[in-house]
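Below is one structure, written out as structure tokens, with a few remarks after it.
Counting starts at 1 for both ligands and their atoms, following the listed order.
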Amino acid sequence: MTAFFHRRDGALAVEQVPLARIAEQFGTPTYVYSRAALTAAYQAYAAACAGHRARVQYAMKANSNLAVLQVFAQLGAGFDIVSGGELQRVLAVGADPRKVVFSGVGKSEAEMELALAHDVLCFNVESIPELDRLNAVAGRVGKRARVSLRINPDVDARTHPYISTGLKGNKFGIAFDDVLPTYRAAAALPHLEITGIDCHIGSQITEVSPYLEALDKVLDVVEALEREGIVLSHIDVGGGLGITYDDETPPDITGFARTLLERVAQRGHGHREVLFEPGRSLVGNAGVLLTRVEFLKPGEAKNFCIVDAAMNDLARPAMYEAFHRIEPVVPPVGSNPGEAVTYDVVGPVCESGDWLGRDRALAVAPGDLLAVMSAGAYGFVMSSNYNTRPRAAEVMVDGDAVHLVRARERVEDLFRDEKLLPR
Ligand SMILES: *Cc1c(COP(=O)(O)O)cnc(C)c1O
């Protein structure tokens, strides 16, 4: 638990607001974010960047609620986007699109046009066909597109295979041996301006060493390009820094960012701008998913604690077998740990994969509230309407204030755009 999610008289609170009060007011399941926690995580990066040519591009796919974006925009963040839709979110909060980098392997022509119209900082390009498409679109609209190539440095980030992106055989990035020829091809295209290089080796990385390994390879490329007269003004080191879900011990944000910036300076590249693209480490531990126990179902092999949140609300356990701590919001009066029973905490969705936690010792009764911790990243944004379940409400706590930042969906909205066949 962090300083922003803590117990007051035994009851779990976010900043100055008891979670039980939020459940009463907004119902469950509900995502609850802490503005102070978002701010603290951003400031931890900003502290390392001070005195360097370095900046933070929040990778908004981790949590793209407009209020979350607004907090980061006000703190001075740029954004890393992966779709035209995410660019529209930048515009919707009044943030500066010229501080946006556009990542992703499959940008459409329409997305490229939109991004060019708003003068984004840079396109992170991942293939020659994408360079050709961007060159054609930029030519058509009479602009030069700023381009950075995402290289695949072939390093092992030692994380889950589904969230590892920097190894050979992965769909992301330009294979290391093809990097120089691809830069040369880009340099020959008239409507592109080469400005940078980037890599992103994976997610939930808990060691610095894979980053340093990748950074050294990136800097080797920068130097080789310079010898050919291709000068890069920025180096984007990607995102991926891990957080503590259970007992992981990732490097602290400021120390991590300083280590990379120092390596850049040591190798004589301090004059180039360094971009960080964090997602999870800015938001993951700034949010919880609040849920209520519906039933307890004892069984011969397993006991089940059935709650009102499910895999459609939080997909990470079903998708990656991810671990989230699950905490009782208000421990029952007079309970002691000896009374805890081991449960699988599961949702109401009709899938065996619908679970939020396995083998958890909990002293709970039907009607009790539970908090699924560390749910601020890849939580709500990956939620779906599977089983015609309206998506959860989202709430932002700021000191003693509680703001509803996304209303709970209503069932009638879920099939509003569906049509019956003619009779
Ligand atoms: C997802 C992503 C990030 C953010 O990753 P986190 O693990 O959430 O920090 C950064 N850059 C790119 C290109 C991404 O796809």
Side-chain angles (χ1 to χ4, degrees), residues 38 41-42 44-45 55-65 68-69 72 77-83 85-87 89 99-107 111 115 120-127 130 147-153 155 157-167 170-174 196-208 210-211 214-215 218 234-245 248 250-253 256-257 260 274-287 315-316 319-320 322 374-382:
L38 297 170
Y42 181 84
Y45 275 100
R55 48 179 299 110
V56 177
Q57 307 287 133
Y58 169 50
M60 73 158 74
K61 74 174 191 287
N63 184 331
S64 55
N65 181 283
V68 171
L69 303 185
F72 289 129
F79 296 99
D80 173 76
I81 63 166
V82 292
S83 71
E86 289 193 343
L87 179 53
R89 287 183 177 271
K99 290 209 265 182
V100 163
V101 300
F102 193 172
S103 299
V105 287
K107 303 173 191 78
E111 288 176 319
V120 299
L121 183 67
C122 174
F123 290 83
N124 289 347
V125 174
E126 305 207 12
S127 66
E130 189 190 344
V147 164
S148 154
L149 295 190
R150 173 168 175 181
I151 74 165
N152 184 332
V155 303
R158 293 187 282 278
T159 180
H160 190 286
Y162 283 13
I163 51 178
S164 180
T165 55
L167 271 175
N170 196 283
K171 77 171 177 181
F172 294 106
I174 293 164
I197 186 165
D198 74 286
C199 75
H200 172 71
I201 56 175
S203 200
Q204 185 54 17
I205 301 169
T206 53
E207 299 165 70
V208 187
Y211 280 100
L215 179 57
V218 165
H234 80 257
I235 297 164
D236 183 334
V237 296
L241 181 63
I243 63 170
T244 302
Y245 285 100
E248 305 91 333
D252 80 283
I253 291 172
F256 158 80
L260 297 197
V274 174
L275 308 184
F276 292 95
E277 276 178 9
R280 187 190 312 271
S281 54
L282 286 176
V283 293
N285 273 326
R316 298 186 69 258
M319 203 161 157
Y320 317 115
S374 309
Y378 306 104
F380 182 87
V381 286
M382 290 175 100

task: Test Asn124 against every option in His200, Arg150, Glu277 by the side-chain hydrogen bond (donor to acceptor under 3.5 Å, both in side chains) rule and name the one that passes.
output: Glu277
message: For Gln57 and Asp198, which I'm curious about, is there any donor-acceptor pair between the side chains at under 3.5 Å?
response: no
Heavy-atom distances under 4.0 Å decide this one: backbone, side chain, both or neither, for [X] against ligand 1?
X: Ser103; value: side chain
X: Asn124; value: neither
X: Glu277; value: both

Atoms in ligand 1 with a heavy atom of [X] nearer than 4.0 Å:
X: Arg150; value: 13 (C)
X: Arg280; value: 6 (P), 8 (O), 9 (O)
X: Asp80; value: 11 (N), 12 (C)

Among Asp252, Ile243, Ile205, side chain to side chain contact (heavy atoms under 4.5 Å, CB included) partner for Ser281: Ile243
For [atom], what's the nearest protein heavy-atom neighbour? Residue, atom name and distance, please.
atom: atom 8 (O) of ligand 1; result: Tyr378 OH, 2.5 Å
atom: atom 7 (O) of ligand 1; result: Ser203 OG, 2.3 Å
atom: atom 5 (O) of ligand 1; result: His200 CE1, 3.4 Å
atom: atom 14 (C) of ligand 1; result: Lys61 NZ, 2.8 Å

- request: Measure up the Tyr211 and Phe256 rings against each other and bin them: parallel (under 30°), tilted (30 to 60°), perpendicular (over 60°).
  value: perpendicular
message: Over 60° means perpendicular and under 30° means parallel, so tell me whether Tyr45 and Phe276 are parallel, tilted or perpendicular.
response: tilted
field: Min heavy-atom dist Gln57 to ligand 1 below 4.0 Å
entry: no
task: Give a yes/no on ligand 1: does Pro278 have at least one heavy atom closer than 4.0 angstrom to it?
output: yes
task: Please confirm whether Arg89 makes a cation-pi placement over Phe79, using NZ or CZ under 6.0 Å from the six-membered ring centre and within 45° of the ring normal.
output: no
message: Nearest 0.5 angstrom please: Ile201 CD1 to Ile151 CD1, how far?
response: 11.0 Å
If I apply the N/O under 3.5 Å rule, does [X] come out as touching ligand 1?
X: Ala59; answer: no
X: Ser281; answer: no
X: Gly240; answer: yes

- prompt: Would you call Phe123 and Glu111 a side-chain contact if the rule is heavy atoms closer than 4.5 Å?
  reply: no
query: Hey, does Asn63 have a side-chain heavy atom less than 4.5 Å from the side chain of Phe380?
result: no
field: Lys/Arg-Asp/Glu bridge criterion (N-O < 4.0 Å) met for Lys61, Glu86
entry: no
